[in-house]
Amino acid sequence: MLVSGNQAMKKKLVGNLQLNYVDKIRDFKIWSDLHTPSLFKPALSYALDWLAPELLGTGFSITEAGDENITAKIPYQSTNCDFHNQIHAGLVVNAGLEMISTYIAKHWAKNLWEIKSYQIELNKNTRWDKELQLQFSCSEDDMDKLILSLQKNDHVAFEGTVYIAAKNSSHADTLKLKLNIIKLKLLA
């Protein structure tokens with residue numbers, strides 16, 4: 001009985017260490033996207049992509065992370081395209097979720113919350129055959145409301161819209177996300 005309890009605890013600790021490892025790599029990748037000199041950026045991005053498999057090969061990078069907005073880009077390359085030679089919609093959805101998660105984590109520690117479920121509505125009316133620019137904005141008041149709600153409640157609904165535009169285009173598509181965020185307990 002004691003042995004199985006120890007094994008369960010080891011599994012939980014190893015799982016938490018892996019989760020922290022991936023989060024640290026993701027944080028370092030975001031930092032490197034923002035602060036690395038352009039000469040070293042490709043090599044560092046390539047190395048970090050191998051360490052964070054969920055971002056492998058896409059070229060997705062966050063270009064700006066401010067207090068009220070976050071912007072990112074997805075390069076147009078053959079590995080990112082579907083059979084219509086446009087950037088794959090699934091990649092755009094994943095990028096939008098990553099952007100909003102990064103934005104919330106900038107304001108509220110990532111180990112205190114988790115996205116339990118989400119609903120998406122993707123409105124695509126333009127061709128995605130060039131590099132895509134993604135942008136998400138949120139007012140300080142809305143972010144304060146989210147943080148206060150997370151402190152008071154076990155789960156909170158959060159809605160946001162990511163605007164998606166092909167490079168040098170005046171038209172934008174939208175990715176509307178409705179997230180069900182739960183508060184994580186530090187001690188179980």
Side-chain angles (χ1 to χ4, degrees), residues 22-23 26-27 29-30 33-34 52-77 79-184:
V22 172
D23 286 342
R26 184 178 294 124
D27 291 345
K29 181 161 176 45
I30 291 166
D33 287 341
L34 296 173
E54 69 275 7
L55 304 175
L56 179 62
T58 66
F60 167 75
S61 64
I62 293 178
T63 55
E64 182 182 335
D67 288 338
E68 292 191 6
N69 63 18
I70 187 167
T71 58
K73 69 177 181 175
I74 301 173
Y76 180 81
Q77 53 193 28
T79 55
N80 291 346
C81 292
D82 60 11
F83 62 95
H84 293 294
N85 288 326
Q86 295 185 52
I87 294 178
H88 198 284
L91 177 56
V92 174
V93 170
N94 286 343
L97 283 168
E98 185 67 29
M99 285 176 65
I100 291 180
S101 293
T102 301
Y103 180 78
I104 294 171
K106 186 172 172 56
H107 296 280
W108 186 252
K110 180 70 174 153
N111 63 340
L112 298 176
W113 59 274
E114 176 181 280
I115 297 174
K116 191 65 173 175
S117 62
Y118 57 88
Q119 295 176 357
I120 61 168
E121 179 184 322
L122 179 61
N123 295 312
K124 181 186 176 300
N125 297 310
T126 61
R127 288 192 54 80
W128 292 348
D129 56 358
K130 295 182 181 96
E131 177 179 287
L132 294 181
Q133 307 289 329
L134 290 80
Q135 181 174 8
F136 172 74
S137 298
C138 182
S139 71
E140 284 186 40
D141 292 340
D142 288 341
M143 186 50 59
D144 290 342
K145 288 177 189 174
L146 173 67
I147 292 170
L148 287 172
S149 294
L150 277 171
Q151 289 173 347
K152 293 178 183 178
N153 304 308
D154 287 337
H155 69 278
V156 175
F158 180 74
E159 295 183 31
T161 302
V162 176
Y163 294 92
I164 308 150
K167 191 172 187 176
N168 300 326
S169 175
S170 59
H171 301 290
D173 297 316
T174 59
L175 173 64
K176 295 180 182 177
L177 294 152
K178 184 176 182 179
L179 308 175
N180 182 20
I181 301 172
I182 60 169
K183 179 170 53 175
L184 296 176

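Counting from 1, the numbers follow the sequence of the chain as shown. Please read all numbers here as calculations on a predicted model, not as lab measurements.
The two atoms that bring Ala72 and Met99 nearest to each other are CB-SD, 3.8 Å, heavy atoms only. A pairwise comparison of heavy atoms in Pro75 and Asn80 identifies O-ND2, 2.9 Å as the closest pair. Of all the heavy atoms in Thr161 and Phe136, the pair that sits closest is O-CD1, 3.4 Å. Of all the heavy atoms in Ile115 and Ser101, the pair that sits closest is CD1-OG, 3.4 Å. Here the shortest heavy-atom pairing between Ala166 and Leu132 reads CA-CD2, 3.8 Å.
Panel note: side chain Ser169, backbone Ala165; no donor-acceptor pair is recorded below 3.5 Å. Remark: the backbone N or O of Thr63 is not paired with any side-chain donor or acceptor of Thr71 at under 3.5 angstrom. Asp173 contributes a side-chain N or O that, together with a main-chain N or O of Asn125, makes up a donor-acceptor pair within less than 3.5 Å. Side-chain atoms of Tyr103 never come within 3.5 Å of backbone atoms of Glu98 as a donor-acceptor pair (strictly under, hydrogens ignored). Distance alone, capped at 3.5 Å, is enough to place a donor-acceptor pair between the Tyr76 side chain and the Asn85 backbone. Between the His107 side chain and the Asp67 main chain, a donor and an acceptor come within less than 3.5 Å of each other. In this structure, the side chain of His84 does not engage the main chain of Gln86 through any donor-acceptor pair within 3.5 Å. For Lys183 (side chain) and Gln151 (main-chain N/O), a donor-acceptor pair under 3.5 Å exists by modelled atom type. Checking side-chain atoms of Asn180 against main-chain N and O of His155 turns up no donor-acceptor pair under 3.5 Å.
At a threshold of 4.5 Å between non-hydrogen side-chain atoms, the residues Val162 and Val92 do not count as touching. A 4.5 Å side-chain heavy-atom check between Ile181 and Ile104 finds at least one atom pair inside the cut-off. In this structure, the side chains of Asn168 and Lys130 stay at 4.5 Å or more apart for every pair of heavy atoms. Residues Tyr163 and Thr174 meet the side-chain proximity criterion, which asks for heavy atoms closer than 4.5 Å. Side-chain contact between Ser137 and Glu68 is absent, with no heavy-atom pair separated by less than 4.5 Å. A heavy-atom distance below 4.5 Å is not found between the side chains of Leu112 and Leu184. In this structure the side chain of Leu97 reaches within 4.5 angstrom of the side chain of Leu179, judged on heavy atoms.
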Next on the checklist: Determine whether Trp128 and Ile74 satisfy the following criterion, side-chain contact (heavy atoms from CB on, under 4.5 Å), listing intermediate values before the conclusion.
Outcome noted: CA-CA 10 Å; Trp128 292 348; Ile74 301 173; over 6 Å; no
Item to check | side chain to side chain donor-acceptor pair (under 3.5 Å) between Glu121 and Gln119, worked out | outcome: CA-CA 7 Å; Glu121 179 184 322; Gln119 295 176 357; over 6 Å; no
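A cation-pi arrangement, defined by a distance under 6.0 Å to the six-membered ring centre and an angle within 45 degrees of its axis, is absent between Lys110 and Trp108.
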